[in-house]
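This report concerns only the one structure given below.
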Number of protein chains: 2
Amino acid sequence: MSYKIKSRIWIEADNNVLLGQGRVQLLKAIAKTGSLSKAAKSLNISYKKAWTLLDSVNKSAKKPVTINSIGGKGGGGAELTDYGISLIRAFDEINQNCWDFLDKQIQKIDSL
Amino acid sequence: MSYKIKSRIWIEADNNVLLGQGRVQLLKAIAKTGSLSKAAKSLNISYKKAWTLLDSVNKSAKKPVTINSIGGKGGGGAELTDYGISLIRAFDEINQNCWDFLDKQIQKIDSL
DNA sequence: AAGCGTTATATTTACTAAAACATAACGAAA
DNA sequence: TTTCGTTATGTTTTAGTAAATATAACGCTT
């Protein structure tokens, strides 16, 4: 069996992590469910962990990534901003490009 | 301040990690010092951790990456095989290429 | 044969990160 | 004004990982 190359990418802003695999996954779940608590449930992570992640994302980003509301109809909720939607799309694209790039590079090792 | 993109790559063989950042660093230290214990000291990690890492590397690789000897002149030691030397060179090269590639991709996010 | 600095490995201890638990605040709706 | 499902936090407990400690085996050198 031949070697496989794997990678993780993430984006930082001022030495703080802005986006990584897990954060993107969380944002997608928020977009799908309309709330942070439902997103957390769907990913089988605790609400607190999800909240900490999302808080970190919004604190690191140049512009808000989500708009969160407390109370009111349905108790509140969270939704992505246009900026947030653009960010996750760009992240996914770069990530896929990186994988494709690395798959080409791995032959340097297979041929050793 | 603009966003920065970061990455970690690693190589797997049959679902086991063969090489990553830490393992390459360890192999380089072995090459420099001629022994696993000195390599561990130079990296400020325990001998056991270093040994476990190296053992995993050699078990995952198709061919031996180091030759270890016990006893004898100097007590023994460890040195890289030609294959091991080739592996870390290829890893470094692919890693650097990946960084360069990603630095070009990041502008997709800066322009959002 | 004794000493030395290694590799090799098991066992115990400490630390850190994750999970679990608990609770307050909010605002629309009934 | 009570209820409801959220967001927002603090505190405690658990678990998993890393470190520390201990010991055996090895083979050249003296």
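Both backbone and side-chain heavy atoms feed into the values below; hydrogens, waters and symmetry mates do not. From a predicted model like this one, the values you see are computed outputs, not experimental measurements. First the proteins, then the strands, lettered A, B, ... as listed; each starts at 1.
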Please tell me which of the listed nucleotides, [options], lies nearest to the side chain of [X]?
{"X": "A/Ala78", "options": "C/dT6, C/dT7, D/dT7", "result": "D/dT7"}
{"X": "A/Ile70", "options": "C/dT6, C/dA28, D/dT6", "result": "D/dT6"}
{"X": "B/Trp51", "options": "D/dT7, C/dT6, C/dT9", "result": "C/dT9"}

How many whole angstroms separate atom [atom1] of [X] from atom [atom2] of [N]?
{"X": "B/Asn44", "N": "D/dA20", "atom1": "CG", "atom2": "C1'", "value": "15 Å"}
{"X": "A/Lys48", "N": "D/dG10", "atom1": "NZ", "atom2": "P", "value": "7 Å"}
{"X": "A/Leu36", "N": "D/dT9", "atom1": "CG", "atom2": "P", "value": "12 Å"}
{"X": "B/Leu54", "N": "C/dT6", "atom1": "CG", "atom2": "P", "value": "15 Å"}
{"X": "B/Lys59", "N": "C/dA8", "atom1": "NZ", "atom2": "P", "value": "10 Å"}
{"X": "B/Asn68", "N": "C/dA8", "atom1": "CG", "atom2": "C1'", "value": "10 Å"}
{"X": "B/Glu79", "N": "C/dT6", "atom1": "CD", "atom2": "P", "value": "15 Å"}
{"X": "A/Ile45", "N": "C/dA20", "atom1": "CD1", "atom2": "C1'", "value": "14 Å"}

Centre of B/Tyr3's six-membered ring, under 6.0 Å away, within 45 degrees of the axis: is that where NZ or CZ of A/Lys62 sits?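 Yes, A/Lys62 and B/Tyr3 form such a contact.
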Looking only at N and O atoms, is any donor in the side chain of A/Lys49 or the base of C/dA19 less than 3.5 Å from an acceptor on the other one?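 Under the 3.5 Å cut-off, the side chain and the base do not form any donor-acceptor pair.
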Decide if atom CG of B/Asp100 counts as having more than 12 heavy atoms of other residues, nucleotides or ligands within a radius under 6.0 Å.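 Counting neighbours around CG of B/Asp100, more than 12 heavy atoms of other residues, nucleotides or ligands fall under 6.0 Å, so yes.
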Crowding at NZ, A/Lys108 (>12 non-hydrogen neighbours, <6.0 Å):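 Yes.
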Select from A/Gly72 and A/Thr52 the residue whose nearest nucleotide in DNA chain D is closer to the 5' end of that strand.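 Looking at DNA chain D, the more 5' nearest nucleotide goes with A/Gly72.
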What I want to check is whether the side chains of B/Ser56 and B/Asn16 have a donor and an acceptor closer together than 3.5 Å.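 There is no such pair (donor and acceptor under 3.5 Å, judged by atom type) between the side chains of B/Ser56 and B/Asn16.
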For residues B/Gln96 and B/Asp92, is any side-chain donor paired with an opposing acceptor at under 3.5 Å?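 Their side chains do not contain a donor-acceptor pair, so the 3.5 Å distance test is not met.
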Between A/Ser46 and C/dA18, is there a side-chain N or O to OP1/OP2 distance below 4.0 Å?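 No.
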side-chain N/O B/Ser69 vs D/dG27 OP1/OP2, d < 4.0 Å: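 Answer is no, no contact under 4.0 Å.
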Most 5' of A/Gly75 and A/Tyr47 on DNA chain C, judged by nearest nucleotide: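 Its nearest nucleotide being more 5', the pick is A/Tyr47.
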